[in-house]
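Working notes, beginning with the structure itself.
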Amino acid sequence: MDVAIIKYNAGNIRSVDYALRRLGVTPQITADKEALAKADKIIFPGVGEAFTTMRFLHEEGLADFIRGLRQPVLGICLGMQLMCRHSEEGDVDCLGIFNTDVRRFVPQRHEDKVPHMGWNTLNNVKNPLLDVSLEGKFVYFVHSYYVPLCEHTIATTDYIHPFSAALQKDNFYATQFHPEKSGSVGERILKNFLTL
């Protein structure tokens, strides 16, 4: 299987690479559109800031390219947020794959800390990416912005209020959490993605 990781100014590319190698897959890390187009599966990782990253994707011609992909694509963390319509982070229009906006967490109580960082549970899971055995399992989050519940939500998590832990539309899948940092549960999710 030919798995490609989109190479751009994202901070977690190496950890995604290592996670896939632990599963016996050697991914290609590339920004070459021809190589990406040939891949069986594509991962769109992300740790960074929305405005700067969207500017980079437009400059490199990757924004329209990603929208046009037809094979299974998995967005992770910022990758998921960039697949949405608009982000409050930098007030920037994003890829518009998911018809929803990204909002900043606003603490409601003294104990509400932003960013949401650490382990939290998956709820209301549905989809081949997140099979029902993952209901209530813990995964690892680090984020200050979130995607509200919407028509594309395939799992929820509650922090300050319920939000989308994962999204899916057509061949596009996305997780707000980091499967590559989520132990055996994250490995299961990556395996599920590789078998889609």
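- No path of Ile, Leu, Val, Met, Phe, Trp and Tyr side chains, each step under 4.5 Å between heavy atoms, connects Met80 with Leu74, placing them in separate hydrophobic clusters.
- Side-chain contact between Glu89 and Leu78: present, with at least one pair of heavy atoms (C-beta onward) separated by less than 4.5 Å.
- Leu122 has its side chain within reach of Ile189: a pair of non-hydrogen atoms, C-beta onward, lies under 4.5 Å apart.
- Partner Asn124 forms a side-chain hydrogen bond (donor to acceptor under 3.5 Å, both in side chains) with one of Thr153, Thr156, Thr157 and no other, that one being Thr156.
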For residues 15-25, please give each side-chain donor-acceptor pair under 3.5 Å, one per line with the distance, not counting sequence neighbours.
unit_1 : atom_1 : unit_2 : atom_2 : d
Ser15  : OG     : Asn12  : O      : 3.0
Asp17  : OD1    : Arg21  : NE     : 2.9
Asp17  : OD2    : Arg21  : NE     : 3.2

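- Contact check for Leu129 versus Gln168: no side-chain heavy atoms found under the 4.5 Å cut-off.
- Gln176 contributes no side-chain N or O that, together with a main-chain N or O of Ile76, makes up a donor-acceptor pair within less than 3.5 Å.
- In terms of hydrophobic clustering, with Ile, Leu, Val, Met, Phe, Trp and Tyr side chains grouped at heavy-atom distances under 4.5 Å, Phe193 and Met83 are assigned to different clusters.
- Side-chain rings of Phe163 and His143 approach one another, their centers coming within less than 6.0 Å.
- Dense packing is recorded around NZ of Lys41, with more than 12 heavy atoms of other residues, nucleotides or ligands lying under 6.0 Å away.
- By the 4.5 Å heavy-atom criterion applied to side chains, Ser133 and Arg188 are counted as neighbours.
- Below 30°, between 30° and 60°, or above 60°: for His178 and Tyr140 the angle between ring planes is between 30° and 60°, a tilted geometry.
- The side-chain heavy atoms of Asn192 and Leu130, taken from C-beta on, include no pair separated by under 4.5 Å.
- Other residues, nucleotides and ligands contribute at most 12 non-hydrogen atoms within 6.0 Å of the NZ atom of Lys7.
- Between Tyr159 and Phe105, the ring planes are perpendicular. Angles over 60° get that label, and only those under 30° would be called parallel.
- Scored by the salt bridge (charged side-chain N to carboxylate O under 4.0 Å, His left out) test, Asp93 finds no partners at all (sequence neighbours excluded).
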